[in-house]
Amino acid sequence: MKPGLPKGTRDFTPAQVRKRNFIFNILRETFELYGYQPIETPAMENLHTLMGKYGDEGDQLLFKVLNNGDFLAKADAEALAEKDSRKALPSLSKRGLRYDLTVPFARFLSMNRNELAMPFKRYQIQPVWRADRPQKGRFQEFYQCDADVAGSTSLVYEAELIEIYDRVFAKLRLPVKIRINHRKLLLAMAQFAGIESLFSEFTTALDKWDKTGEPGFVRDMESLNTDADTIQSLLQILRDGFDHPDTREKLSRSEAGKQGLEELKEIQLLGGWDDLYNPVAVDLTLARGLSYYTGCILEVEPTGFDMGSLGGGGRYDDLTGIFDYKGISGVGISFGAERIYDLMEEAGLFPPLSAAATRILFMPFDREDLIYARKWVKQLIDRGIPAEVYPEPTKLKKQFKYAENLQLPYVALVGERERKAEVVAVKNQKTGEQKDYSTAELIRLLKD
RNA sequence: GUGGCUGUAGCUCAGUUGGUUAGAGCACCAGAUUGUGGUUCUGGGGGUCGUGGGUUCAAUUCCCAUCAGCCACCCCA
């Protein structure tokens with residue numbers, strides 16, 4: 001049979017896995033540094049915990065897992081006869097693949113509410129699945145990297161998460177811009193313009209500001225039958241920006257606006273933005289489509305590259321309300337690891353990473369040498385130094401080729417002369433230097 | 001879900017106004033080179049031209065369908 005992969009999925013070669021792990025390791029290290037704890041949840045969840053959490057569109061993009069056993073016998077015969085997929089679904093599938101990490105986290109919190117000390121800080125790096133049409137940088141299976149804090153409304157965490165973003169991208173040597181905004185400021189803008197009833201449409205239109213700019217926003221607002229004066233008053237605020245005194249005055253006319261301004265001020269005080277590696281700025285055009293955000297929202301964009309956001313997040317009150325666990329506020333961020341990977345690849349920001357961990361390859365000339373080399377390899381491995389021997393004594397050309405393909409830093413030639421002198425001839429693959437080493441000397445060389 | 005582009009060797013791609021045996025570069029294997037690879041030279045293996053159908057004396061080429069991949073929109077990471 002011919003080999004193939006399901007649409008939107010991919011294999012990763014050793015070199016790719018090493019690069020991905022480079023990113024994941026920095027994320028893990030940084031999350032740990034700030035006291036976040038790792039959790040993992042199953043790839044499959046009960047379908048009813050997933051359905052209805054991501055909107056109608058989300059339900060369609062959920063991968064459903066077909067029931068085991070004689071699933072047709074137990075299916076809703078009427079729905080099948082009518083060819084009504086939606087109606088037949090509950091009787092055909094009771095499980096689905098997770099769509100994101102937030103809903104499983106909320107489920108996890110609700111189930112473990114008596115065990116977990118609040119505030120609970122967790123991070124999670126796992127794949128999620130979406131039956132989306134694949135595209136550049138978009139797959140049906142991809143990793144999400146989330147850090148969230150549940151059970152506290154303290155703005156310390158907003159400040160902390162901004163700092164985590166900053167530190168991670170500094171470690172990756174990827175210059176970014178961190179944009180923040182507040183849901184209550186968006187509400188205040190809508191109230192000021194008298195379009196509070198169109199709030200969610202307004203945020204959706206605003207969300208496009210980045211892509212289509214001001215004209216796109218205006219077009220969207222016009223299609224909502226918003227009159228020209230209203231649009232103009234909104235544009236005035238958006239053009240002036242957050243730091244303009246007029247803007248602040250307009251926003252503080254409403255209670256929501258006052259609160260939003262107050263909270264952003266507090267986050268800034270707690271955050272010490274001047275001390276960060278990357279710029280942080282309040283951007284009133286930042287909307288984030290997701291409707292469950294209720295407080296501060298944030299997004300990270302690369303500077304100097306034409307690419308969308310590398311991550312986003314925000315605060316959502318009542319994270320776990322859908323699971324009958326009220327009063328838990330959450331704030332979190334997510335990293336778009338696949339995009340970060342593509343960007344770093346494009347910019348050549350990955351450090352040199354060998355394909356194999358092996359530090360030295362022993363190259364035997366004959367059977368005797370092979371046996372001799374095996375003993376050396378064992379001694380190195382016993383000391384934690386990754387080493388291997390070429391499995392058969394063949395011509396050096398072939399053995400060198402192997403070492404080159406794996407980008408190994410050293411090779412050791414093992415022949416009769418070396419055996420008799422109880423040494424190996426070690427060649428530095430980078431410099432081409434070659435000299436004899438005893439076991440102790442070799443261990444010292446490779447131990448660094 | 002809507003629209004567009006592309007499927008030729010392991011990879012990147014030529015090609016044929018429809019005509020005998022489909023090419024190149026890289027990669028791979030062997031030799032020049034029985035203790036020193038990455039350069040060079042010589043030779044070699046490898047293709048049902050995505051799949052199915054149609055038009056034709058003749059299809060990799062033209063037409064239709066289908067599948068897959070890519071790109072844009074929607075949405076999103």
Side-chain angles (χ1 to χ4, degrees), chain A residues 2-11 13 23 27 54-62 85 98-102 124-146 203-205 207-208 210-212 216 220 287-292 299-302 307-313 332-343 361-366 368-369 390 393-408 410-421 424-436:
Chain A
K2 56 184 157 194
L5 281 174
K7 180 197 300 206
T9 66
R10 55 231 149 110
D11 289 326
T13 63
I23 296 172
L27 288 171
Y54 311 102
D56 279 356
E57 200 136 354
D59 284 355
Q60 287 215 309
L61 298 182
L62 279 173
S85 305
R98 67 166 166 254
Y99 181 89
D100 71 358
L101 300 179
T102 305
Q124 193 172 355
I125 300 175
Q126 289 192 279
V128 303
W129 294 267
R130 296 183 187 179
D132 216 348
R133 184 179 281 214
Q135 226 184 93
K136 183 166 103 177
R138 293 175 64 173
F139 304 91
Q140 294 202 335
E141 176 184 76
F142 62 96
Y143 272 72
Q144 283 200 335
C145 314
D146 284 16
T203 57
T204 309
D207 203 25
K208 288 196 194 143
D210 287 332
K211 266 187 207 162
T212 51
D220 269 31
R288 306 227 74 204
L290 301 170
S291 53
Y292 52 74
E299 199 160 279
V300 181
E301 259 177 28
M307 190 174 280
S309 87
L310 300 178
I333 56 174
S334 182
F335 288 82
E338 321 282 347
R339 272 196 190 170
I340 293 172
Y341 179 100
D342 287 348
L343 198 52
L361 174 74
F362 286 75
M363 311 199 315
F365 286 101
D366 61 29
E368 281 301 301
D369 305 332
Y390 197 83
T394 57
K395 26 175 92 169
L396 286 187
K397 177 170 176 152
K398 205 162 182 180
Q399 305 197 37
F400 266 116
K401 193 89 175 181
Y402 179 78
E404 193 198 334
N405 283 340
L406 296 180
Q407 301 164 48
L408 307 183
Y410 295 99
V411 298
L413 292 127
V414 184
E416 197 183 349
R417 184 187 70 76
E418 286 81 3
R419 252 189 297 131
K420 289 201 169 135
V424 288
V426 174
K427 182 167 182 177
N428 180 321
Q429 287 287 83
K430 204 169 237 168
T431 63
E433 278 177 279
Q434 183 173 327
K435 89 182 229 236
D436 288 352

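Residue numbers begin at 1 in each chain, while the letters A, B, ... track the order of the sequences. Every value quoted in this text rests on a predicted model; they were computed, and no experiment measured them. Computation of the quantities below employed the complete heavy-atom set of this structure, encompassing side-chain atoms and omitting hydrogens, waters and symmetry-equivalent molecules.
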Atom-to-atom span, [atom1] of [X] to [atom2] of [N] - whole angstrom:
{"X": "L62(A)", "N": "G1(B)", "atom1": "CG", "atom2": "C1'", "answer": "16 Å"}
{"X": "F139(A)", "N": "C71(B)", "atom1": "CZ", "atom2": "C1'", "answer": "13 Å"}
{"X": "R10(A)", "N": "A68(B)", "atom1": "CZ", "atom2": "C1'", "answer": "17 Å"}
{"X": "Y54(A)", "N": "A77(B)", "atom1": "OH", "atom2": "P", "answer": "11 Å"}
{"X": "K7(A)", "N": "C70(B)", "atom1": "NZ", "atom2": "C1'", "answer": "12 Å"}
{"X": "L101(A)", "N": "C76(B)", "atom1": "CG", "atom2": "C1'", "answer": "14 Å"}

Taking atom C1' in both C49(B) and A24(B), what distance in whole Å separates the two?
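Pairwise C1' distance, C49(B) against A24(B), rounds to 16 Å.
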
Nearest-Å distance once atom P is located in both G69(B) and A30(B)
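Those two atoms are separated by 36 Å.
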
hbond_proxy R133(A) side chain to G3(B) base (donor-acceptor, 3.5 Å cutoff):
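Counting by modelled atom types and ignoring angles, a donor-acceptor contact under 3.5 Å is found here.
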
Check: C75(B) base within 3.5 Å donor-acceptor of R138(A) side chain
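When only heavy-atom distances are counted, R138(A) does reach the base of C75(B) through a donor-acceptor pair under 3.5 Å.
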
Read 5' to 3' with Watson-Crick or G-U pairs under 3.5 Å, [ ] for crossing pairs and | for partners on another strand, RNA chain B gives (((((((..((((.....[...)))).(((((.......))))).....(((((..]....))))))))))))....

Protein heavy-atom contacts under 4.0 Å, written 5' to 3' over nucleotides 28-38 of chain B as B (base), S (sugar-phosphate only) or - (none), form the string S-SSB--BBBB

Is Q60(A) reaching over with its side chain to a backbone N or O of E57(A), donor-acceptor style, under 3.5 angstrom?
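Side chain of Q60(A) to backbone of E57(A), a donor-acceptor pair under 3.5 Å: no, none is there.
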
